[in-house]
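Scroll down for the structure; my scribbles are underneath it.
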Amino acid sequence: MRTLQIFDTTLRDGEQAAGGSLTVEEKLYLGQQLERLGVDILEAGFPRTSPGDFQAVQLLAEKLRDVQICALSGFKPDQVEAAWEAIKEGEAPRIHVFISSSDIHLERQLRMTRQEVREAAVACVEQAVGYTSNVEFSAMDATRSDWGYLCQLFGDTIAAGAKVINVPDTMGYTQPREFAELLQYLRAHTPGIDNITLSVHCHNDLGQANANSLAAIMNGVDQIECTINGVGERAGNASLEEVVMNTTVRKDFFKVSHGINTEEIYRTSRMVSDLMSMPVQPNKAVVGANAFAHSSGLHQDGMLKDRQTYEIMTPQSVGMGGSRIVLGKTSGRHAFRDQLAKMGYHLSEQEFQEAFDRFKDLADKRRNVTARDIEALLSSDVLHAKEYFHLDLVQVSCGDKSIPTATVRIIDDEDQVFEDSALGDGPVDAVCKAIDSIVKVPAELTEFRVQAVTEGIDAQGEVSIRLESEGVSVTGYGADTDIIVASAKAYMNALNKHIYAQSIAESQGEEKPLAAASTQA
Ligand code: KIV
Ligand code: ZN
């Protein structure tokens with residue numbers, strides 16, 4: 001049975017999704033989870049596009065040892081050099097170079113001839129091969145390119161040393177049968193193609209990204225490029241969870257194996273959704289809230305008699321096992337550390353202490369703390385990594401006959417304590433206004449999303465928000481048993497992220513903050 005390589009590009013193409021930008025800490029946090037999920041290659045960013053991206057790729061290459069870290073590069077020498085500099089400390093690091101191959105891109109965007117593109121492609125592959133033998137070449141907009149020209153371009157880059165050849169459907173334009181025919185043509189006519197790893201990268205503009213990726217698997221490709229929840233440029237990319245579960249549930253049909261630990265899928269999906277502030281639609285395959293919810297009487301009847309009547313995979317197989325009780329008020333440090341290890345977290349002593357204190361607070365409020373609660377709590381911790389302002393106290397008075405009033409106490413990074421109060425249209429508005437009167441960042445709240453982490457009246461609420469400030473969009477996340485407090489935490493988190501981005505921009509002498517600097521490929 002062939003083994004499929006899963007190339008995850010959530011942190012690169014996924015981050016190109018409008019409003020989906022991530023901080024360095026968030027990329028590391030997600031990168032660790034993608035490693036636990038078992039992806040083979042993790043594309044961490046496009047180092048030449050911004051110092052933040054360079055730093056994130058470098059950090060992931062240093063810290064993650066069980067996955068190949070890949071950096072994207074255009075065809076210019078400084079881009080290839082930056083990609084290598086960022087990943088060189090990684091375990092089997094990969095440089096991924098790309099150039100457009102369709103006439104429409106060549107004539108109207110690059111303004112280069114086909115011959116010039118062939119030469120530029122060979123030159124950048126040769127430069128990359130000078131750093132590492134693990135080099136991938138992509139022909140951007142391959143599916144709208146001349147097939148004969150593609151074979152020449154791929155043949156040249158294979159001869160120059162590329163070990164992976166990627167065929168992107170950049171515009172989500174192709175159809176499954178047509179894509180299969182293109183792959184067969186490339187196999188038959190590209191010199192050297194039998195000795196390399198053949199890969200595809202499908203976008204979802206016509207909703208065909210998964211179908212095209214699966215057609216490619218049926219036609220012998222070795223690597224699939226995809227993202228969690230299908231996030232990515234425009235309508236996104238092929239979704240890792242859907243491609244993987246198709247090949248898992250229908251192994252009899254696809255006849256391939258993979259190294260993904262499917263039980264980590266749901267958790268990874270939630271993290272990506274929370275950190276990018278991108279909700280997953282309830283009816284989304286595999287990870288949607290309703291993916292395993294049977295509501296019609298007939299289906300429920302069948303499920304009660306034999307689950308196989310209406311269930312082709314179990315929720316447990318994708319890690320949606322329900323909220324098992326994990327710990328409680330009386331659980332001590334040992335039990336908490338043990339639980340973290342079971343969940344794959346290895347925290348430093350200081351991080352552990354902070355997480356333990358927060359767990360104890362939570363256990364005081366909530367009788368049973370589940371694995372999902374612990375994740376929400378760790379997400380909040382990691383997202384507070386850069387705290388210029390720490391929210392120390394939130395007090396709200398509201399009701400149907402009173403004007404919502406909020407008081408907040410905030411401590412800055414020089415230990416100065418500030419307190420202020422404000423009135424608002426509602427309790428969240430009052431809290432935000434009280435925070436604004438201390439942290440003076442002019443920002444507009446453009447998205448606000450609350451959901452329960454687990455079941456029960458004492459469940460934690462998760463709040464994800466988006467702020468627009470000075471033309472930059474940042475997301476914020478907070479979790480608490482009190483949704484007003486969770487909202488305040490999310491707001492504070494977003495403001496801290498904005499200030500952080502602004503400080504980076506200022507240190508580079510730029511006028512505008514870089515927070516949402518996306519890595520446009
Ligand atoms: O969609 C695309 O063509 C890409 C390439 C950089 C692989 O993202
Ligand atoms: Zn892409």
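Just so it is clear, the model here is predicted, and its values are computed rather than measured. Order of appearance sets the numbers: ligands from 1, and atoms from 1 within every ligand.
Set against the non-hydrogen atoms of Pro168, the atoms of ligand 1 under 4.0 Å away are 3 (O). Counting the atoms of ligand 1 from 1 in the order shown, those under 4.0 Å from a heavy atom of Asp13 are 8 (O). Atom numbering of ligand 1 starts at 1 in the shown order; those under 4.0 Å from a heavy atom of Met140 are 3 (O).
Tested against Leu467, the residues Thr446, Val474, Val441 include a single side-chain contact (heavy atoms from CB on, under 4.5 Å) partner, Val474.
For the Zn ion (ligand 2), the set of nearby N, O or S atoms under 2.8 Å includes none belonging to Glu225.
The nearest N/O/S atom of Asp13 to the Zn ion (ligand 2) is OD2. The N, O or S atom of His203 with the smallest distance to the Zn ion (ligand 2) is NE2.
Between His201 and ligand 1, a contact under 3.5 Å exists for at least one N or O pair.
Glu15 has no carboxylate O lying under 4.0 Å from a charged side-chain N of Arg12, or vice versa, which leaves the two without a salt bridge. Salt bridge annotation for Glu375-Arg270: absent, with no cationic side-chain nitrogen under 4.0 angstrom from a carboxylate oxygen. Ion pairing between Glu242 and Lys284 holds under the 4.0 Å rule for side-chain N and carboxylate O. Lys497 has a carboxylate O that lies under 4.0 Å from a charged side-chain N of Glu26, or vice versa, which qualifies the two as a salt bridge.
With Asn237, Thr170, Val97 as candidates, the residue nearest to atom 3 (O) of ligand 1 on a non-hydrogen basis is Thr170. In this comparison of Arg12, Arg234, Glu136, His203, the heavy atom closest to atom 6 (C) of ligand 1 sits on Arg12.
Side-chain contact between Tyr185 and Leu183 is absent, with no heavy-atom pair separated by less than 4.5 Å.
Checking side-chain atoms of Asn204 against main-chain N and O of Ala209 turns up a donor-acceptor pair under 3.5 Å.
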